[in-house]
Structure formats: C-alpha cells, structure tokens
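Notes to accompany the following structure.
Quick note: numbers below take in every heavy atom, side chains included, and nothing from hydrogens, waters or symmetry partners. Not measured: the values here are computed from a predicted model.
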Amino acid sequence: MINKIIFLGIASMLPSILWAQDQQRPTTEDVDTTQLSYGEQHLHEVSVMARKPGLTRSTGILNGLMTHQDELFKAACCNLGESFTTNPSVDVNYSDAATGARQIKLLGLSGTYVQMLTENLPAFRGAALPYSLGYIPGPWMKSIQVSKGSASVKNGYESVTGQINVEYLKPEDEEHVTANVYGNTMGKFEANAEANVHLSKKVATEVLTHFENNWGHHDKNGDSWQDSPNNRQYNVQNRWFAKTGNYIFHGGLSLINENRSFGPAMHHTAVNANGDPWTGSIETNRYGAYMKHAFVLNPEHGTNIAWMTDASMHQQNAGFGYKAYDVNEKNLYSSLMLEHHFTMHHELSVGASFNHDYFGQRYNLFNDHNASLIRDNEKENVVGGYAQYTYSLGTRFLAMAGLRVDHSNLYGTFLTPRFHLKWQVSDLVALRASAGKGYRSVHALAEYNYLLASSRQLVVDHLDQESAWNYGVSSQWNIPLANKYLLVNAEYYYTRFGNQAVVDFDSDPHQVRISNLKGLSYSHVFQIDASYPLLKGLTLTAAYRYNYVKETYNGVRAWKPLQSRHKELFTASYKTPLGIWQFDATLQLNGSGRMPTPYVLDDGQTLSWNRYFKGYEQLNLQVTRWFRHFSIYVGGENLTNRKQHNAVIDGANPWGSNFDTTMVYGPVEGAMGYVGIRLNI
C-alpha cells in the first residue's frame, strides 16, 4: 500500500515535465517593449481590474499557501481555528468533547508538530497550545501563511510537518477604523474593533480589541453533556511602528482574559456520593510583549541585521471535577540575525537564538477530594545558532541549505539540517523537494491538560525529546484552458519519527498513557488540488487528500485513531460583476477511520463504542452584501446537520469510571446559522 502511494505521488508529476517543454509561454524577456507605440497612437493610461485570489500558492522555494482577507471573509471566521474552513491542507478538530480544545492537523499529524508563529515569532506554546486557535480573532488577521514540510532553520528547530504564520493588521497600514459584530444560533456573540493612527510620517500605533461570550446551553447530540463550553473572552493588543532612516521598529503589548465552563447539560444532574456536582472550568490570564528592530546596512546587497524578542506569561487555573491543573508559564524568546546577498545568485543568513520555558505547576490527577495538589516545576533553556545558504539561478532554479546547532540544558546538543530545492521547469510548471529534521520538547501536562476532563487515568512517563525526519516532493502546474489557467498542485510527504510522545488510548480503555515511542511511527500523505475560474467572478476549487498514518501502541502497530483516512474538499465562490453580492459554498467529505480499542459492557456482548467510525459530510454556505463602508453576511455551518451522537461516553455519570470525553472524531454540534456585519471607515 505504501509503495502505491509513493508511486502515485511521483508518477503524477513526471508527465508535466515532458508536457511543459512544448508549452512555453513568452515571458517579458521575449517581448520587445520598444514596439508598444505605433505611429501617433500612444497608451497614456491603462486600468486593469481583477479579483484578487483569496488563496495563493507560494512562488518561493517553500511549498506554501497564503490565505488573504478576501478568503477569510468567505466564512464567519471568528478566530484562527475557524479560518481553515476553505483550506485544502489544514484540518481543525476538537481534541475532546468537554473543554472545547481544538487542534490543527497538517500532513496527517496533530498540531503539536506544526510550529505556530505570529509575524515570524514563535507563539502560543505549552499550556496555551490546546486553546490557542481561539486566541487570535479572525478580524485581526491580515493573512495566514502555511508552509508544509521542514521549514527554514531561521525560526528554530521545532517545525516537523510545517509552519503556520499569522500576520496581523499593521499600524503602518492606511489609517482606518474597522469593526465586526457577529451572533449565531448556538448563543454566541462576538464583537471586534480595530483602529490605527499615524502620529507622524514615521510613527504609527494601532489598537485591536475583541470580546466574545458563548452563553448557550444545548445538547443537540443527546449525550447528556453540554455540546460546547460557555466561554467569555476579552482580548486586547496595542501595536506600534516607527521608522527613521535605515532603522525600523515594531513592538506591542497584549492581554487575554478568558473564562470557560463546561459540564453536564442543564436538564441532567451529576452528583456524587458526597453530594458534589461535577463542574469544569478553565480560567486564563495571558500577558505578552514583543519588539522587533531592523537595521538596513547596505540596501544594494540586502545587508541587514534584525533583533526580535517576545515574552509572555500564561496563568491558567483549571478544574475537572476533583481533578485540577494550575500553571504559571513564562516564556522568553530572542533571536539575532544577519542577512547578506553577495551577488544576485548567492545569499547567506546567519543568526543566534535563545529560548526560555518555565512551568510552575500544581495538579491533582485523581477524582478524589482528599488528594493533595502536587507541585512540580519544569524549566528548559535552549541556546543555538544557524547558517543558511541560498543559491538562485534567476527564477528557474533555487536551492537552500540550512543547519542549526542548539544546546538544551535538558537534552544536550543536537543538530537540525534542512534542505530545499525548486526547479521552475517552465512558466507553467514548478517542482519542489525538501528534506529536514525537527525536534520538540514535550511538556505533557501543560499540552494535554484537557485529557483530565475524562475519567480515564492520565499516566505520563518520563519523556525524551521528540525528533522526526520529513521528506516531501510537490509539483505546481498552470495549465492553459479556455483562455484561463487551471491551477493544479500535487504533493507527497513522508514523516518518520525517531522518538515520539505517544498518546495511547488503546492499551487500557480506562487509562490514557503518554510514553516514549517503542517501535515505528510514520505518516504518508498524498494530496492533489485544483482551482479554476469557470466564469467571470466564479472560482471553483477541488481537493483530495489521503492519510496513511500509523503508530506503535504497546508493541502493536496500528492506524492512528480518530482520524479520517481521506478527505475531499469542494468550494465555490461567486462575486457579482459590480462586487455587490458574494456567494460562497464549501463542502467537506471526511472519510472513515479507526476508533481506539473499545471495552465490553456489563452484559458481556455490547461494545462501549464501535471499532470504526463512518465518513461524514459538512456543508457551509454564506451570502454577503457589500456596501460602500460596510457589509452584511448571513450563513450557516454544518447544514447537513452531521453530529457525533456518542461524543461523550456515559455523559450522564461523569463521576463514574466509564465517563470519557476523548472519543471525538467529528462535529459535536449540529447545524448552526449566523449573521454579522463588518464596518470599514
């Protein structure tokens, strides 16, 4: 099976090389621009109007996809987690059915192996990771860049399957005020506002504000458990920009306050023998500050020095019945880099970085009110440096090789090599290849604290540093078709772990154990997607992805549970000629997959859950009416009303030994409608 996947991925790219050699289009180098005037006829002014694509492919050496604001506006996009609805490469799934924690999946693996960046600074690590997708409001984002496979060594060693970089709205953008108000049928209200002011030609500031409140109590899937947590969040940022001569400064402060509560549905009572009701809550306060300094030393050779620093403190108090996890996490990251272009063909980047992680923890892992809180502190300091060389032969051929050397006080010294190639076969075809290694330090309780909501006993072994190799090949085609271009992308990625923190739900149905890998763990992912402007204003996109992901659990190699083996995505977006109306539709077809090993109930015959889950579809629709300074949008999500009826096992008895919130593979809530208004002044 694996050989067939590899063959399919490579074979799909080979015909394009031969076909493209006979399909060369004239470039600007082939046109005599001096012949653009004939006799006395001259072109004084030309206005070109075109619809900006919402999703664009990277033209650089990395295989990436950029999501612009136009694409984000195709859905409600309340936060980062909901911004990947139309993205063919990224999935977002619930981590459990109680807390609302969500995670990204890229190349068949969880988001812990995706390095999250905000404006090229590592962000939302440790305890923030399970809930970080809700910490970046959608209206704040200017663009999202997703790169697959091993990334550049500039941003560190943590990227295994790729990087996701979020660019916020900028203080130096044209002065404006924007606002967004949103509400849905699940009882969620959200308001956002953003404004920037140019204090002078060289100084600008910006304020971003966000408020959300989800007060709905509903149990649409009938498992006696609240489908989504009640969540109230305040989120504020103040950002600054300054420029003088060859010096550029960016900096800012941020604050997040969030309170989420969850538990049995209102019409159910869940009281133990002591008369105590089961309740769950997570209270979070997060403070952050960043600054970036850039000095342009030699514009002719692109010589510049940059110094970037980010600091954050994440305070979280969480309770799950009698279980508890409190953490005060402090992170400091700083990097210094130098870039220089020796010639138009040769570029060198060197730099050094320092990262400090501290976790002050108190926890109780048992549903026993007599258990005392355990105090445990974790601290890691990593100092490192890198060198990265890039060779470019015009736009036809690019090669980039990078090497990092880092030293951790916990894991010693380790090397991170990465290599990338891009060959622009013609104006119509581009081929890419990449190989590289990634590492990750695991802070299990901070990153997996949502597992405490279940009655499963959480057992964490002594964990080593995770490491994995990632290899990828991809091809990008621009195929002429009816005076337009059919954009096709085909890719194959293989990830193999040297060591991994394996989350084992299989060995014991009443326990979840996080331990070091003993055996093989790998993923093979093949994807092909295409986009075509069928009519004026109408763009269609289709994508197919196959995930072949296996891990070793207690000596047995098995399919990764709770993950669809294949996915299809279809999107259609139409904007009327005058740009007044916009219609967007997204259909997702998620394939079947394996469930963790079930257990037999007391009757000796019935299984606690099925061994496999069936595929399901989701349909999202939105209609937008554009006006001069505002727009109104109305839409619906999961209009096929697909929902997992057994998302919470034994939800009516959360104090019991069979209570399980981890068996989530699909949507928990049913169909939902929403309405919103965007203002732009």
- Query: Does the side-chain hydrogen bond (donor to acceptor under 3.5 Å, both in side chains) test come out yes or no for Y358 and N328, once each step is laid out?
  - Reply: CA-CA 8 Å; Y358 170 81; N328 186 353; over 6 Å; no

- Message: Set out, in order, the CA-CA distance, both residues' side-chain angles and the distance that settles side-chain hydrogen bond (donor to acceptor under 3.5 Å, both in side chains) for E669 and S228, then state yes or no.
- Response: CA-CA 8 Å; E669 300 174 316; S228 61; 3.0 Å; yes

- Message: Between N214 and N230, is the side-chain hydrogen bond (donor to acceptor under 3.5 Å, both in side chains) condition met? List the steps.
- Response: CA-CA 5 Å; N214 185 1; N230 298 126; 4.8 Å; no

- Test side-chain hydrogen bond (donor to acceptor under 3.5 Å, both in side chains) on K330 and S312 and set out the steps. CA-CA 6 Å; K330 300 173 183 177; S312 64; over 6 Å; no

- Verdict with reasoning, R594 to D506, per salt bridge (Lys or Arg N to Asp or Glu O under 4.0 Å): CA-CA 11 Å; R594 184 180 76 87; D506 285 281; 2.8 Å; yes

- Query: Could you go step by step and tell me if E167 and K142 meet the salt bridge (Lys or Arg N to Asp or Glu O under 4.0 Å) rule?
  - Reply: CA-CA 5 Å; E167 292 289 333; K142 188 172 185 177; over 6 Å; no

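At distances below 3.5 Å, at least one donor-acceptor pair connects side-chain atoms of S454 with backbone N or O atoms of R456. Remark: the backbone N or O of Y322 is paired with a side-chain donor or acceptor of N367 at under 3.5 angstrom. In terms of modelled atom types and a separation under 3.5 Å, the side chain of S455 and the main chain of F659 share a donor-acceptor contact. Listed for the N470 side chain is no donor-acceptor partner under 3.5 Å among the backbone atoms of T495. At distances below 3.5 Å, not a single donor-acceptor pair connects side-chain atoms of N653 with backbone N or O atoms of D650. A donor-acceptor pair under 3.5 Å links the side-chain atoms of E466 to the main chain of A501, judged by distance alone. Between the D508 side chain and the V512 main chain, no donor and acceptor come within less than 3.5 Å of each other. Between the Q644 side chain and the M663 main chain, a donor and an acceptor come within less than 3.5 Å of each other. Judged by distance alone, with hydrogens and angles left aside, the side-chain atoms of E637 form no donor-acceptor pair with the main-chain N or O of Q618 at under 3.5 Å. Distance alone, capped at 3.5 Å, places no donor-acceptor pair between the N590 side chain and the G666 backbone.
None of R545, Q563, Q103 except one satisfies the side chain to side chain donor-acceptor pair (under 3.5 Å) rule with D91; the exception is R545. Tested against E71, the residues T85, T56, T86 include a single side chain to side chain donor-acceptor pair (under 3.5 Å) partner, T86. Applying the side chain to side chain contact (heavy atoms under 4.5 Å, CB included) test between K567 and each of K105, Q588, Q527 identifies Q588 as the sole match.
If you check the side chains of Q622 and T624, you find a donor sitting under 3.5 Å from an acceptor. Side chains of H645 and N221: a donor-acceptor N/O pair is absent below 3.5 angstrom, by distance only. Y665 and N93 form no side-chain donor-acceptor contact under 3.5 Å, judged by distance and modelled atom types alone. Donor-acceptor pairing under 3.5 Å is recorded for the side chains of N192 and E190. Side chains of S573 and D584: a donor on one and an acceptor on the other come within 3.5 Å. Under the 3.5 Å distance criterion, with hydrogens and angles disregarded, a donor-acceptor pair is assigned to the side chains of N489 and E491. At a cut-off of 3.5 Å, with distance as the only test, no side-chain donor of D326 or Q316 sits close to an acceptor on the other residue. Residues N449 and Y131 have side chains that bring a donor and an acceptor to within less than 3.5 angstrom of each other.
Salt bridge present: R125 and E158 bring a charged side-chain N and a carboxylate O closer than 4.0 Å. The pair E617-R642 meets the salt-bridge criterion, since a charged nitrogen lies less than 4.0 angstrom from a carboxylate oxygen. Taking 4.0 Å as the cut-off between side-chain N and carboxylate O, R239 and E194 do not count as a salt-bridged pair. Under the 4.0 Å criterion applied to side-chain N and carboxylate O atoms, D96 and R102 are not assigned as salt-bridge partners.
Taking the ring axis of Y325 as reference, the NZ or CZ atom of R362 does not stay both within 45° of it and closer than 6.0 Å to the ring centre.
Counting non-hydrogen atoms of neighbouring residues, nucleotides and ligands closer than 6.0 angstrom, the NZ atom of K550 exceeds 12 such neighbours. The 12-atom threshold is exceeded at CZ of R565, counting heavy atoms of other residues, nucleotides or ligands nearer than 6.0 Å.
The two atoms that bring P137 and N235 nearest to each other are CD-ND2, 3.9 Å, heavy atoms only. For the pair S441 and E447, the tightest heavy-atom approach, listed with the atom from each and the gap, is O-OE2, 3.9 Å. In this structure, D461 and S515 approach most closely via the heavy-atom pair OD2-CB, 3.0 Å. For the pair L451 and T662, the tightest heavy-atom approach, listed with the atom from each and the gap, is CD2-CG2, 3.8 Å. Of all heavy-atom pairs spanning W225 and G651, the tightest one is CE3-O, 3.6 Å.
Counting only heavy atoms from C-beta outward, the side chains of L253 and Q237 never approach each other to under 4.5 Å. Side-chain contact between N317 and I282: absent, with no pair of heavy atoms (C-beta onward) separated by less than 4.5 Å. Taking 4.5 Å as the limit, every side-chain heavy atom of S58 sits out of range of all side-chain heavy atoms of L65. Between H510 and N658, some side-chain heavy-atom pair lies under the 4.5 Å cut-off. The shortest distance between side-chain heavy atoms of N180 and I677 does not fall below 4.5 Å. Side chains of N165 and T118 form no contact here, defined as non-hydrogen atoms less than 4.5 Å apart. With contacts defined as side-chain heavy-atom distances shorter than 4.5 Å, the pair R440/Q465 does not qualify. The side-chain heavy atoms of T284 and N257, taken from C-beta on, include no pair separated by under 4.5 Å.
Y633 and Y182 have parallel rings, their planes meeting at less than 30° on a 0 to 90° scale where 60° marks the start of perpendicular.
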